[in-house]
There are 2 protein chains.
Amino acid sequence: MASTDQLTKAGEQALTGTQSLADRLFLSLRKDIVEGRMAAGSKISEPELARRFDASRGSLREALMRLDSLGLIERRVNVGARVVALSDRGLLELYDVREALEGMACRLAAENRTDADIAELRQMLARHEQQEELQAGTAYYQPEGDFDFHFRIVQASNNELLIDTLCNKLYYRVRMYRYQLGMASPRAHRAFREHSHIIEAIEAGDGELAEILMRRHIRASRSNIAKKLSSS
Amino acid sequence: MASTDQLTKAGEQALTGTQSLADRLFLSLRKDIVEGRMAAGSKISEPELARRFDASRGSLREALMRLDSLGLIERRVNVGARVVALSDRGLLELYDVREALEGMACRLAAENRTDADIAELRQMLARHEQQEELQAGTAYYQPEGDFDFHFRIVQASNNELLIDTLCNKLYYRVRMYRYQLGMASPRAHRAFREHSHIIEAIEAGDGELAEILMRRHIRASRSNIAKKLSSS
DNA sequence: CCAACCAGGATTGTCGACACTTTTTAGTGC
DNA sequence: GCACTAAAAAGTGTCGACAATCCTGGTTGG
């Protein structure tokens, strides 16, 4: 339950200019929820949080409102807010939505590809390969490497709505599940090859193939998780 | 600019129980934006709106916060909020996201179909057919009928995240474009046949086909719009 | 004439206090 | 001991006021 308690007042405001107190509260709370410092399903007390962050309840409520529309907390009128509960079903639903959206993102990335995008994707893949050779085995398909990959492809889709929906909304829920259920998948080598083939399809401008490969990639991950869930 | 000015204090609270003032403000403003009573791209003055709705700025700000995360307004720190601007690009982006998500919804609806869902879909289609025969021609593919159809299928997907994303978020943007650009498509008969085939695929439990047909259906509509846009 | 600068006014961000609702707790009767 | 009631405590919803910031128009200097 112990939180960071320190709002990075100066940090992170390079890009967007100054940010409000409510913004910082929002970012800080989002981090705490995603990384499990606020337990999933636990109740949220506005006065207590306001004291802890040394802010007024009004500003805090603004932050909570935004967490609500991110789907990270649930609010009920006159009752209060709780951190959203994690469930097997919720995780599987997330995979289905990602399959649809990231498949489309991958198709668009292939259709609108630019030299810069491809160069960056290839470079990232090379980095991952190096890393994989070093820590042969289970290391690659980790939050970091895998996430970078998916994140980058979505960015290359050139569809603002898609980028916003995935990168600014859904991915926080994904991260929350990863952190808290500790998804260390044993699909390291296979996942790397799949990533490689996806980039090839994008480079070739083959949107249809790129989408199919991305969907398979995500579906395979989903099956893997589903199997693990059913056996516990 | 003249608004409804009357918050339905009693209405709509049957399902969720009592709703807060901020809730009602949110619903009312959302309606005004979607239906164009607040012009797209226009600036929003918090004090003015608060006076108009006879509410405090705090409650109003809560409503604005939620409109922001719906993507219906855009806020900038210390500057204020504007109703989101409509653009050709934004409309086309919306279609791509819908194609991905509704395609998936359609697949899931086929895979998890229930007798109740199918009965309701068939019944709705029959209603639309009747309506089409009456007003032969351009009447069917109208906001109402078409929207009901897509809405119902998404509901049948049995994926809470998908339902929430489409029905409680994206569709308001869709409605906004429909209202304000007045999309009266001449695809009446064809669209109806497409709907019919989609339902058949769902009824047959053929998720793959159902998804393909839905994606084609949406993509055809997108092409239609794209053509119209480029010729103006 | 144009650019930079500087009030004045208006708008946004933040706060503390009050009203109402829900939950908890203490008490009473059976 | 248990169920029901009622008071009190805690929590949420709403409001009005103050402080910080931004936009507007006019002014000054080059």
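In what follows, every heavy atom counts, from backbone to side chain, and hydrogens, waters and symmetry copies are set aside. The sequence lines fix the lettering, A, B, ..., with proteins before strands; numbering per chain opens at 1.
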Whole-Å distance, I44(A) CD1 to dA10(D) P, equals 20 Å
Nearest heavy-atom approach of E62(B) to A22(B) is OE1-CB, 3.7 Å
Whole-Å distance, K43(A) NZ to dG11(D) C1', equals 7 Å
E62(B) has an atom CD; how far is it from atom P of dT14(D), in whole Å? 7 Å
Atom pair distance, as rounded to whole Å: CD1 in I73(A) and C1' in dT12(D): 13 Å
Should R82(A) and E74(A) count as an ion pair when the cut-off is N to O under 4.0 Å? no
Tell me, for nucleotides 15-24 of chain C in 5' to 3' order, what letter each nucleotide earns: B for a base near a protein heavy atom under 4.0 Å, S for only sugar-phosphate near one, - for neither? B-----SS--
Could you tell me whether the side chains of S221(B) and N224(B) share a donor-acceptor contact shorter than 3.5 Å? no
Tell me: CG of L64(B) to P of dT11(C), nearest whole Å? 14 Å
Which class fits the ring pair H195(A) and H150(A): parallel under 30°, tilted 30 to 60°, perpendicular over 60°? perpendicular
Rounded to whole angstroms, how far apart are CZ on F53(A) and C1' on dT14(C)? 17 Å
Please report the distance, rounded to the nearest Å, between CD in E48(B) and P in dT11(C). 9 Å
Identify the two heavy atoms, one from Q180(A) and one from G36(A), that lie closest to each other, and give their separation to 0.1 Å. NE2-CA, 3.3 Å
Could you check which of dT12(D), dT14(D), dG13(C) has an atom nearest any side-chain atom of R75(B)? dG13(C)
Round to the nearest Å and state the distance from L60(B) atom CG to dG13(C) atom P. 12 Å
Nearest-neighbour nucleotide for the R61(B) side chain, dT14(C), dT14(D), dG13(D) considered: dT14(C)
As a test of understanding, state which of I44(B), V34(B), V83(B), L64(B) forms a side-chain contact (heavy atoms from CB on, under 4.5 Å) with L29(B). L64(B)
Regarding R30(A) and the six-membered ring of Y172(A), is the cationic atom NZ or CZ under 6.0 Å from the ring centre and inside 45° of its axis? yes
Between the opening five pairs and the closing five pairs of the helix from dC1(C)-dG30(D) to dC30(C)-dG1(D), how far apart are the helix axes, to 10°? 10°
Salt-bridge criterion met for R222(A) and D96(A) (N-O under 4.0 Å): yes
Test item: E102(B) side-chain N/O and M214(B) main-chain N/O as donor-acceptor pair under 3.5 Å: no
